[in-house]
Amino acid sequence: MRRQIPLFITFFVGTLLIFSVFIPPMETWGEDFTLFFDIIAVFAFFLGGGNLMRVHFNKLTRRKQDWTYSIVTLAGFFFMLVLGLLKIGNPGGIAASVTAEGSWFQTMFNDVLNPLQSTMYALLAFFVASASYRAFRAKNREATILLVAAFIILLGRTPFGMYLTAWVPESFSVLQIPNLAIWIMNSPNLAGQRAIIIGIGLGVVSMSMRLILGIERTYLGDDSG
Amino acid sequence: MLARLPKNLPGGVSLILPFLFICFSFSPVLSQGIEAEVDTLDPAVPDSELVVAAPVTSLIASDYKYDNGEVIELSWVPSIDDQLVGGNVIGYSLYRSENDGEPTLIAELLPGVNNYTDEGLSRLSTYRYTILTLTVNHETPSTMTAPITPEREWINFDKKYLFLIALIIGGSVMFFIETARRGKKLFVRKIAGLEAVDDAVGRATEMGRPILFIPGILDMDDVQTLAGLTILGRISRIIADYDTKIFMPVSRSLVMTAGRETIKAAYQAAGRPEKYSDDMVSYVTDEQFGYVAAVDGIMVREKPATVFLLGAFFAESLILAETGNYIGAIQIAGTARPAQLPFFIAACDFTLIGEELFAASAYLSDEPKALGSLKGQDVGKALAMVIIVVGVLAITIGQAWHVDFMMSLVDTLTNIFSTK
């Protein structure tokens, strides 16, 4: 019974929402069901917050490896929680929005969290360089094609690329590096991307059918699917 | 209306316009329903200085096809004085009268606009519309439309082709599931990334290091997260058999709950429920880069031997995959986001590309019914391939040799596959 009810709900709601696409009075039901999900997710957030506290309190009290990081996590968690709940420093008082401009909560978010997140994001620049270095090593034929294509696109996006092939006559303009870069992006690259997107669409259909028909149940914690 | 007026208008005109606008909004002429062009004169402006524009013509209100009776479409021919060069129209005001009541302003439109979709209406009311053509000091109303009531349709015939395609693909998936259920052997090509799962888990076992599973950063309402969790179920079974450690930091509370249930079921199925612990799955944060920082930290400190990145990923994909690469973990990644695939291919050992992510669970389960659904999916792919080839040939021949039949075939295919 523990599995039957969720499976029935999945089947019923899944089938209903498929048909709702073709029935105008039911067209908004998909969005309405998303709202139900959001409501459930809000309650689940307490589970997440509770788990975070439990894990780090555990680490702290038992002096597990790297327990000092847990102090920072818990301090940050409670500090922001108190600022948000009590609206400390909020110019509009307790009745104002928690994200009101000038509130300590918003200041912490803007001046501490945002710069930290930007710092993490900035790492991407260095990782792109190291990943590109590995990907573009001409180890085999495919990697060599990749390297050449990448080289043309990199050059094509710079003024130097335009300068290099400016001498190519207009009747052969397709051979100018910027135009070659555009062709690579718009033809082979786009064709490949669309093939992947068609595959993804069909994969989603197949996966959804398995879920709706109850063939796939592992997400419910059922290994017999 | 005022927002669009030229800034260099004479001061007097700028002051008069709001007054004119308010006066006209409550004009008895409008409230009675305007049937002919009526000049709305401002007594402060002499007749000789009025800039008068012709009204819009052919204003038609029609019911929007295939909706829930909440939309009316309007179209009209703009004023002949609405010209880019030398024109004097500065915009249009669209008024709606409900149940023959007082007209109310519903939209202010730029010059050149010739249609409008009025949404959020009621099936129980009748509506009439009129448009005022605006110049700097004058407003010319159009005739009022005939009363119209939006109607509800029960079936959207605009989507008949979508329904047909869904029927073909859905039907073939069901057909192959049934075929597989009857015991017919189905061939499924080898997927390198999934063939490597056993080796990846075995490697972690031999090295005595944990396995890290990252299910992406979206919630349970995303199909990629569901796909990731179904794969987790299969992998957890192998992990439980090998008695290896798994750790799964998540960025969504519901994913944490579902992940725990999935792993617990796998340990129970493997006959080792006592080895399961809730600590295997832990919530970190909903914040994208906060999550990345935490997972990177876990990778560097715990040095997992194997990392699975299966789910929905965004900008964090390369940061996570490169960190995994840096610590020397064997990495199996998969996502249905085309923009992130190159990063995974560059940084991971195996990548499940798009549809392979959704096929993975069926592939790993070796369950005939699940494999049958993959074969059904192939019918959709074959259909797509045939239509692409036909479409490419038709447009090439049609344009190169001006063959009308081919061009009409292209139009038909475009009509069938365009989304509305």
Side-chain angles (χ1 to χ4, degrees), chain A residues 18 21-28 34 37 40-41 44-49 51-52 55 58 65-66 69 113 116-121 123-124 127-128 130-132 134-135 193 196-211 213 215-216 218-225, chain B residues 66-68 152-156 159 163 169-170 173 177 219 221 223 226-227 229-230 233-234 237 253-254 256-258 261-262 264-266 269 279 282-283 287 289-290 292-293 301 315 318-319 322 336 338 343 346-347 353-355 358-359 361-362 365 369-370 373-374 376-377 380-381 384:
Chain A
I18 287 174
V21 175
F22 305 101
I23 301 171
M26 292 164 64
E27 253 172 9
T28 55
T34 309
F37 176 83
I40 297 168
F45 182 74
F46 289 103
L47 285 176
N51 173 259
L52 188 81
V55 167
N58 234 336
Q65 192 190 354
D66 301 322
Y69 295 123
L113 195 66
L116 285 173
Q117 299 225 43
S118 303
T119 308
M120 282 308 294
Y121 185 54
L123 285 177
L124 202 56
F127 285 139
V128 165
S130 62
S132 305
R134 261 200 321 282
Q193 283 217 22
I196 291 172
I197 290 168
I198 291 171
I200 288 168
L202 292 166
V204 171
V205 170
S206 170
M207 171 100 190
S208 305
M209 294 287 282
R210 287 202 301 273
L211 292 171
L213 296 174
I215 294 169
E216 187 66 77
T218 37
Y219 71 102
L220 289 172
D222 189 342
D223 203 38
S224 61
Chain B
Y66 308 133
D67 73 324
N68 194 26
R152 166 197 276 174
E153 285 82 21
W154 285 97
I155 294 177
N156 187 346
K159 292 182 177 170
F163 183 74
I169 296 171
V173 169
I177 288 173
D219 217 326
D221 59 341
V223 70
L226 277 175
L229 286 180
T230 54
R234 310 293 175 199
R237 181 65 191 268
S253 308
L254 280 180
M256 177 188 77
T257 316
E261 286 292 313
T262 306
K264 190 194 275 182
D279 291 344
S282 70
Y283 171 80
E287 291 292 334
F289 289 105
V292 175
R301 287 192 300 273
L318 189 64
I319 302 177
E322 271 297 287
F343 297 134
I353 297 174
E355 57 169 329
F358 302 113
S361 172
S365 72
K369 282 190 284 184
S373 70
L374 300 186
Q377 182 182 328
K381 249 187 275 180

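Note on naming: letters A, B, ... go to the chains in the order of the sequence lines (proteins, then strands), and numbering restarts at 1 for each one.
- Among the candidates B:S361, B:G170, B:A384, the residue making the largest number of heavy-atom pairs closer than 4.5 Å to chain A is B:S361.
- Among all heavy-atom pairs drawn from B:K381 and A:L202, the shortest one is N-CD1, 3.4 Å.
- The minimum heavy-atom distance between A:I200 and B:G354, with the atom names listed, is CG1-CA, 3.5 Å.
- Contact annotation for B:T257: only side-chain heavy atoms (C-beta onward) come within less than 4.5 Å of a heavy atom of chain A.
- Across all their heavy atoms, A:F127 and B:E322 have their closest contact at CD2-CB, 3.4 Å.
- Only the side chain of B:V173 comes within less than 4.5 Å of a heavy atom of chain A; its backbone N, CA, C and O stay farther away.
- Salt bridge A:E216/B:K369: absent, no basic N to carboxylate O contact under 4.0 Å.
- Interface remark: B:I177 contributes side-chain atoms only to the contact with chain A (heavy atom separation under 4.5 Å).
- Both the backbone and the side chain of A:V204 come within less than 4.5 Å of a heavy atom in chain B.
- Interface residue B:D221: backbone and side-chain heavy atoms are both found under 4.5 Å from chain A.
- In this structure, the side chains of B:L254 and A:F37 come closer than 4.5 Å at one or more pairs of heavy atoms.
- Note that the CD1 atom of A:I23 and the CG atom of B:N68 stand 11.5 Å from one another [nearest 0.5 Å].
- The nearest pair of heavy atoms linking A:G48 to B:Y283 is O-CD2, 3.2 Å.
- With a 4.5 Å cut-off on non-hydrogen atoms, B:A293 touches chain A through its backbone and its side chain both.
- Only the side chain of B:I169 comes within contact range of chain A, with heavy atoms under 4.5 Å apart.
- Only the side chain of B:I353 comes within contact range of chain A, judged by heavy atoms closer than 4.5 Å.
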